Structure formats: C-alpha cells, structure tokens
Amino acid sequence: MDVRVRFAPSPTGLMHMGNARTAFFNWLFARKNNGKFILRIEDTDVERSTDVFTEAITQDLSWLHLNWDEGYDKGGEYGPYRQKDRGALYQKHLNVLKEKGVVYPCYCTPEDLDEMRKNQIAKGQMPRYDSRCRYLKDSQRDQYERENKSFVWRFAVPKSTIVVQDMIRGDVTFDSDRVSDFVLTKSSGSVTFHFAVAVDDACMKISHVIRGEDHLTNTAKHVLLFDALSYERPKFAHMPMILGPDGSKLSKRNGLSSLADYRKQGFLPEAILNYMSFLGWAPQKYEDKEIFSLGELSKYFDVGDIGKSPSMFDFVKLKWVNSKYLSRLDIDHLTTMALPLLRESEFIKDDVSEENFVQVKNIVALVQDQINSLSELPSLCEMYFKDTLTHEDPEVKVVLEERTNKEILLTFKEILKDLEEFSDKNLKETFKMVQKKIGVKGKALYLPIRLALSSKMDGAELYKMIQVLGKKRCIDRINKAILL
RNA sequence: GUCCCCAUCGUCUAGCCUGGCCCAGGACAUCGGGUUUUCAUCCCGAAAACAGGGGUUCGAAUCCCCUUGGGGAUGCCA
C-alpha cells in the first residue's frame with residue numbers, strides 16, 4: 001500500500017506547537033515509509049479562515065524544513081487542495097448519501113438547538129441532537145420546503161457499535177447512541193469539517209490519518225461516513241495532546257504559543273523539531289541520547305513507539321536543546337542570524353561592511369556558548385558595543401570600591417598600557433605579574449578586573465574579553481572603575 | 001452531567017505487550033563537589049517516581065477490577 005499522509009490545518013490562526021508536532025510526525029511517517037506528505041487547507045469555516053493564515057502556516061512549515069509533496073501551491077494528482085475549492089466533489093458525495101437515504105434535511109434553528117441542549121444539560125443528559133427532523137412527517141417537510149425554510153443536511157447515524165481501530169490506542173468502541181446525527185452541510189451550503197475530512201481523506205487516498213487525540217471521538221463520525229460512502233477506512237493514529245505548563249491545553253495564555261513567537265525568540269527549527277519529537281515519543285532503542293538530527297529522526301521514527309499519555313511542554317528543556325544546537329552552529333551562520341537582532345538593538349548599522357562583520361563575529365563568538373536562544377544575544381553583547389557601564393549593581397559596586405581591588409586595577413592598567421600585543425600568552429603573563437605584586441590570585445584577582453570591564457559577575461573568558469575590547473576601552477573602563 | 005482516552009522522579013521519558021534481570025534507568029531543572037588562577041564548558045555525586053485500594057500469581061511498575069486524578073469530546077469550529 002502506498003503511504004499517503006496529510007497535514008490539514010485550518011487557516012483560522014497561527015501554527016502552534018501542537019499543530020507543528022502533528023505536521024512533523026506526519027512528515028516523519030511519510031519520509032520513513034517512502035510515502036507522500038500532503039498539505040491540505042481545511043477552510044470550510046469561511047467566517048474565520050483567511051489567506052493570511054494559510055500563508056503564515058505554509059511559511060512556518062517551510063521554515064521547519066517540512067517539505068510537502070502535494071499541496072495547494074504545488075498541485076498534485078488529487079487536488080484541489082483547499083476545501084473551499086472542492087465544493088462540487090462534496091455535492092457529488094452528498095447526492096450519493098441522499099440516494100442511499102442516509103441523510104435528511106433538518107429545519108431546526110440555532111435557537112431550537114440551543115434550547116434543546118439547555119434542557120438536556122438541565123436533566124443531566126449528554127447534549128445531542130434528538131433527531132426530531134429525521135422523523136418529520138412528509139406533510140410537515142413539504143410545508144417547510146414550500147416556505148423555503150433554511151435547512152442543513154444531517155447524517156442519520158445507524159444504530160450500531162462503532163469500533164475505531166487506532167494504531168496507538170487499539171480498538172476504541174463507541175455506542176452510536178452517543179453520536180448524534182451530525183451536520184454535513186450548513187445552511188449556507190458549505191460543508192462541515194466532518195464531511196469534508198472524510199470525503200477528502202478518501203478521495204486523496206490518504207492511507208494513515210495521524211492527528212491529535214482531540215479528534216478521537218470525532219473519528220466515530222468519520223468512520224461512519226467512510227462506511228456509508230463505501231470507501232475503505234484509512235488507518236488512524238491519535239497522538240497524545242501537548243499540555244501547557246499549568247497542565248491545561250496549550251494556548252495563548254500559558255506562555256509562548258505560536259511557532260512564529262519561537263522563531264522570533266531565536267529558536268532554531270532543528271532544535272524545535274528535536275525537542276518536539278520527544279513529546280509523546282521515544283525511539284524504540286532508547287540509548288540515553290537526546291540530540292538527534294532530522295535524518296536520524298526520520299530513520300528511527302515509528303508510530304508504534306508513540307505513547308498514550310499527554311505531555312507538558314517544557315520550555316526550559318527546549319532552551320537546553322536549543323543551546324546545544326546554537327553552540328554547534330557555524331560562527332558565520334550564527335553571526336548572520338544575529339545581525340537583525342543587533343540592528344534592532346541599534347548596536348550596528350543597517351549595512352555591515354566585511355570588516356565590521358568580522359568584528360561582530362568576534363563578539364558573537366564570545367557569547368555563543370552562553371545563549372539559549374538568539375534573543376538573549378543582544379543583552380549579552382551590549383557591553384562590547386556600548387560604553388555605558390555604570391556599576392550600579394550593589395554586588396558589583398561593593399567589590400570595586402574595595403581598596404585592594406583598586407590596587408589590582410591600577411597595577412593591571414599600568415602593565416596593560418605598555419603591552420604591545422594582547423596575546424593569550426602576554427595576558428597570562430600580565431595577570432601573573434599583578435598576582436605577584438598584590439599577592440592575590442584566582443577569583444580574587446580576576447573578578448575585580450572582570451567587573452571593571454563588564455560590570456557582570458559572569459561572561460566570556462576574560463582574555464578574550466580583553467582582546468575584543470582592545471587597549472583603549474579596557475583602560476578607559478578601568479579608569480572609570482578606579483574613580484568609583 | 002454523559003461518553004471516550006490516559007496515569008513511572010517537579011518535567012520529558014525507558015521499562016509494561018511477552019510478569020522475576022527494577023529496593024526502577026536516562027535527560028532537563030535543582031543542590032553539592034572537582035577541573036579550568038576568572039567566566040563558560042566539562043566531569044563526578046546527591047535528592048527525586050511506579051496515584052490509591054483490591055484481586056490473579058510462588059512472584060506485579062508490568063495482567064484484571066474499582067476509586068481518585070488529569071485530558072478530550074459533547075457546535076450549522078476545526
């Protein structure tokens with residue numbers, strides 16, 4: 001069987017981590033099995049769908065390197081790939097269902113339904129459509145028709161036990177009594193999600209439907225439709241949900257939510273993918289390895305290894321994974337990515353000469369190992385671009401005001417002043433000399449100088465810091481600190 | 001409410017299917033120590049979990065049931 005999977009976002013909002021993982025696992029499955037990955041836009045909700053989001057979502061996918069084989073922008077044998085362009089196909093299928101007599105028009109108004117629901121809840125029942133229009137007398141139906149009353153087509157759910165075979169959860173059974181006669185076409189004429197999904201998955205020859213667990217109960221409806229339309233059911237796999245840090249469904253409220261946010265924060269797509277892959281999944285032969293390349297992931301990935309329980313999104317761990325990727329990044333590449341952020345902070349001008357690029361690169365190299373995301377870069381680099389240290393931090397001030405430390409700074413400055421070349425060797429020598437003269441070593445020796453130069457307890461390696469700052473700035477800063 | 005799904009360290013997870021190798025392994029975070037005359041890295045170590053209760057069994061994290069807890073679904077949203 002040809003493996004064909006799809007990612008089917010609805011363009012009613014930006015892509016978030018949950019969507020992204022669904023897309024990723026589908027992509028992984030396709031690549032692993034030499035199948036096709038299809039991008040289908042589920043824009044049956046004309047009210048809320050916009051092309052802007054379609055555009056944004058496809059951009060996010062591309063950014064994640066999740067290339068698709070068929071899609072609205074690429075074409076393919078089974079198009080069109082936007083549901084709003086598939087109206088005729090849905091109509092055709094509706095006619096088949098009409099002929100089979102498994103659908104019926106429902107004339108209930110939203111108000112009717114609302115009232116019905118309220119009554120049911122009040123009685124402690126599960127809210128569901130009571131199928132009243134299914135058994136409408138012909139005379140009544142004729143009258144509604146004459147009145148041109150608006151209606152929807154509902155599917156007449158047959159009494160049965162519905163069994164959904166899920167690759168992750170095994171057989172899940174539903175009693176048809178729990179599934180109300182659902183709407184296939186809205187009064188506006190457009191189709192509902194359930195109808196479109198079933199028709200499209202069948203017609204696009206989707207072999208495996210891999211999606212979030214929130215669709216598990218919907219699957220009962222979809223399966224009914226496949227059967228009624230005499231289509232073979234695809235295989236289903238419902239992945240566990242990703243929860244926010246507070247244990248509730250991931251949303252705008254619990255922190256960063258859209259993928260675009262993470263991109264802006266300076267998370268690398270490779271890191272995000274690597275982190276996400278371990279949400280609800282672990283390789284069959286788990287060997288205490290945490291960092292996997294895309295290639296490795298698509299080799300090891302297996303739907304059978306996806307777990308059943310939901311997982312919380314751990315931002316701290318994402319940062320750790322990201323830092324791993326960041327520190328391995330080629331320095332030219334990293335510097336190029338840093339440029340926009342540094343411009344935004346007004347550390348550099350819009351156009352960067354080759355010479356300037358090298359300078360910036362030297363600075364970026366100093367903080368490469370310390371950042372968890374690109375967004376942390378500007379604040380760590382600021383001291384190399386601006387000469388505005390004030391030593392306001394009481395912790396810093398106390399150290400710099402200390403008598404011995406002033407002597408250290410003074411001695412250090414005197415030697416530095418006459419130093420020709422700031423090589424590691426020379427600097428080491430310089431520190432040795434200060435150590436000998438003042439009789440202080442280790443942290444006690446390095447910290448005052450570090451603070452005078454950066455006003456921070458931590459930072460880059462001191463020799464490197466001095467080298468990048470250069471003689472004049474080092475001396476100016478030390479002078480300033482001595483006067484404190 | 002009703003239905004469906006789920007339940008191992010704070011978090012992500014390995015182990016569960018095919019009971020004994022598990023007084024439960026790894027990673028992030030936390031804490032302690034070491035290397036680096038500073039910083040970061042790195043290394044070592046500590047603390048930290050089988051939700052509870054019943055079964056089945058010689059033996060259960062692993063199988064069954066109940067309870068509890070969490071999530072999802074109950075739309076002319078997807």
Side-chain angles (χ1 to χ4, degrees), chain A residues 8-13 42-45 47-49 106 108-110 113-114 117 120-129 150-154 164 166 168-170 172-175 177-180 182-188 190-194 196-197 212-220 238 240-241 243 245 247-249 275 278-283 285-291 307-321 327 366-370 428 431-432 435 440-450 454 456-465:
Chain A
S10 69
T12 54
E42 308 224 318
D43 49 5
T44 52
D45 184 352
E47 306 271 297
R48 298 194 297 143
S49 297
C106 165
C108 296
T109 63
L113 298 173
D114 208 42
R117 233 180 327 259
Q120 286 165 334
I121 290 168
K123 281 189 219 154
Q125 296 167 334
M126 183 180 182
R128 62 189 287 280
Y129 182 60
S150 78
F151 66 95
V152 300
W153 284 100
R154 281 186 188 269
V164 172
D166 190 279
I168 295 171
R169 280 148 226 283
V172 181
T173 61
F174 300 90
D175 192 321
D177 287 346
R178 306 288 153 204
V179 183
S180 54
F182 52 99
V183 175
L184 299 183
T185 64
K186 308 175 191 178
S187 54
S188 65
S190 64
V191 295
T192 62
F193 156 76
H194 299 299
V197 163
E213 199 200 325
D214 46 343
H215 286 298
L216 186 56
T217 40
N218 290 334
T219 308
H238 287 94
M241 303 265 86
L243 274 24
S248 72
K249 203 175 173 179
Y275 171 72
F278 277 81
L279 247 29
W281 177 82
K285 284 199 185 112
Y286 182 70
E287 284 163 341
D288 305 345
K289 200 169 124 115
E290 301 281 329
I291 304 297
K308 299 176 183 176
S309 45
S311 39
M312 283 195 198
F313 189 83
D314 186 354
F315 188 60
V316 176
K317 187 144 185 185
L318 202 218
K319 286 207 287 193
W320 176 77
V321 174
S327 62
L366 293 190
V367 299
Q368 177 167 20
D369 286 340
Q370 291 170 56
K428 191 171 183 178
F431 275 91
K432 275 240 167 79
Q435 177 183 330
V440 167
K441 63 173 181 175
K443 196 166 185 163
L445 170 65
Y446 278 68
L447 189 64
I449 296 170
R450 171 179 292 283
S454 72
K456 273 191 208 146
M457 305 294 284
D458 47 29
E461 207 222 298
L462 202 42
Y463 298 170
K464 295 221 173 76
M465 190 189 284

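Only a predicted model underlies this, so the values are computations on that prediction, with no experimental measurement involved. In the text below, chain A, chain B and the rest are named by the order of the sequence lines, each starting its count at 1.
- Taking S10(A) as the reference, T12(A) meet the side-chain hydrogen bond (donor to acceptor under 3.5 Å, both in side chains) condition, with sequence neighbours excluded.
- In this structure, the NZ atom of K289(A) is 17 Å from the C1' atom of C28(B), given to the nearest Å.
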Polar atom pairs (N or O), protein with nucleotides 63-66 of chain B, under 3.5 Å:
none

* **Annotated protein contacts, base or backbone, on nucleotides 30-38 of chain B with a non-hydrogen cut-off under 4.0 Å, one of B, S, - each** => -------BB

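- Under the Watson-Crick or G-U wobble criterion, with both distances below 3.5 Å, G20(B) is paired with C58(B).
- Of the possible polar contacts, none joining the D166(A) side chain to the V172(A) backbone as a donor-acceptor pair under 3.5 Å is found.
- Y275(A) has its OH atom 12 Å from the P atom of U11(B), to the nearest Å.
- The partner of A46(B) is U30(B), by the rule that a Watson-Crick or G-U pair needs both atom distances under 3.5 Å.
- Using the Watson-Crick or G-U wobble rule with both distances under 3.5 Å, C3(B) pairs with G72(B).
- The base of A27(B) lies close enough to the side chain of K317(A) for a donor and an acceptor atom to sit less than 3.5 Å apart.
- Separating the C1' atom of A27(B) from that of G69(B) is a span of 26 Å, rounded to the nearest Å.
- A salt bridge does not link K186(A) to E47(A): none of the charged side-chain nitrogens sits closer than 4.0 Å to a carboxylate oxygen.
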List, with names and distances, any nitrogen or oxygen atoms from the protein found under 3.5 Å away from nitrogen or oxygen atoms belonging to nucleotides 76-78 of chain B.
{"from": "C76(B)", "atom 1": "O2", "to": "S187(A)", "atom 2": "N", "distance (Å)": "2.8"}
{"from": "C76(B)", "atom 1": "O2", "to": "S187(A)", "atom 2": "OG", "distance (Å)": "2.9"}
{"from": "C76(B)", "atom 1": "N3", "to": "S187(A)", "atom 2": "OG", "distance (Å)": "3.1"}
{"from": "C76(B)", "atom 1": "N4", "to": "C108(A)", "atom 2": "O", "distance (Å)": "3.1"}
{"from": "C77(B)", "atom 1": "OP2", "to": "K186(A)", "atom 2": "NZ", "distance (Å)": "2.5"}
{"from": "C77(B)", "atom 1": "O2'", "to": "D45(A)", "atom 2": "OD2", "distance (Å)": "2.8"}
{"from": "C77(B)", "atom 1": "O2'", "to": "R48(A)", "atom 2": "NH2", "distance (Å)": "2.8"}
{"from": "C77(B)", "atom 1": "O2", "to": "R48(A)", "atom 2": "NH2", "distance (Å)": "3.4"}
{"from": "A78(B)", "atom 1": "OP1", "to": "T44(A)", "atom 2": "OG1", "distance (Å)": "2.6"}
{"from": "A78(B)", "atom 1": "OP1", "to": "D45(A)", "atom 2": "N", "distance (Å)": "3.3"}
{"from": "A78(B)", "atom 1": "OP1", "to": "K186(A)", "atom 2": "NZ", "distance (Å)": "3.1"}
{"from": "A78(B)", "atom 1": "OP2", "to": "F193(A)", "atom 2": "N", "distance (Å)": "3.0"}
{"from": "A78(B)", "atom 1": "O3'", "to": "E42(A)", "atom 2": "OE1", "distance (Å)": "3.2"}
{"from": "A78(B)", "atom 1": "O2'", "to": "S10(A)", "atom 2": "OG", "distance (Å)": "3.3"}
{"from": "A78(B)", "atom 1": "N6", "to": "N218(A)", "atom 2": "OD1", "distance (Å)": "3.4"}
{"from": "A78(B)", "atom 1": "N6", "to": "N218(A)", "atom 2": "ND2", "distance (Å)": "3.2"}
{"from": "A78(B)", "atom 1": "N1", "to": "N218(A)", "atom 2": "ND2", "distance (Å)": "3.2"}

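- Side-chain N or O atoms of Y446(A) include none that pairs as donor or acceptor with a backbone N or O of K441(A) at under 3.5 Å.
- Residues passing the side-chain hydrogen bond (donor to acceptor under 3.5 Å, both in side chains) test with D177(A) are K159(A), sequence neighbours excluded.
- Counting to the nearest Å, the C1' atom of U13(B) and the CD1 atom of I291(A) are 15 Å from each other.
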Atom pairs under 3.5 Å, N or O on each side, protein against nucleotides 40-46 of chain B: can you list them with distances?
{"from": "C42(B)", "atom 1": "OP1", "to": "K324(A)", "atom 2": "NZ", "distance (Å)": "3.2"}

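- With hydrogens and angles ignored, the 3.5 Å screen pairs a side-chain donor or acceptor of S454(A) with a backbone N or O of K456(A).
- With sequence neighbours excluded, no residue forms a ring pair (Phe, Tyr, Trp, His ring centres under 6.0 Å) with W320(A).
- Residues that satisfy the salt bridge (charged side-chain N to carboxylate O under 4.0 Å, His left out) test with R169(A), not counting sequence neighbours, are E213(A).
- Shown here are the ring pair (Phe, Tyr, Trp, His ring centres under 6.0 Å) partners of H215(A), two or more places apart in sequence or in another chain: F193(A).
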For nucleotides 2-6 of chain B, list the nitrogen or oxygen atoms of the protein found under 3.5 Å from its nitrogen or oxygen atoms, one pair per line.
{"from": "U2(B)", "atom 1": "O2'", "to": "R178(A)", "atom 2": "NH1", "distance (Å)": "3.2"}
{"from": "C5(B)", "atom 1": "O2'", "to": "R169(A)", "atom 2": "NH1", "distance (Å)": "2.5"}
{"from": "C5(B)", "atom 1": "O2'", "to": "E213(A)", "atom 2": "OE2", "distance (Å)": "3.2"}

* For salt bridge (charged side-chain N to carboxylate O under 4.0 Å, His left out), just list the numbers for D45(A) and R48(A), CA-CA rounded to whole Å, side-chain angles, deciding distance to a tenth of an Å, and then say yes or no. => CA-CA 6 Å; D45(A) 184 352; R48(A) 298 194 297 143; 2.9 Å; yes

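- For K464(A), the salt bridge (charged side-chain N to carboxylate O under 4.0 Å, His left out) test picks out E461(A), with sequence neighbours left out.
- Atoms CZ (R128(A)) and P (U74(B)) sit 14 Å apart, rounded to a whole Å.
- Distance M312(A) CE to U8(B) P: 11 Å, rounded to the nearest Å.
- Residues satisfying the ring pair (Phe, Tyr, Trp, His ring centres under 6.0 Å) test with F174(A), not counting sequence neighbours, are none.
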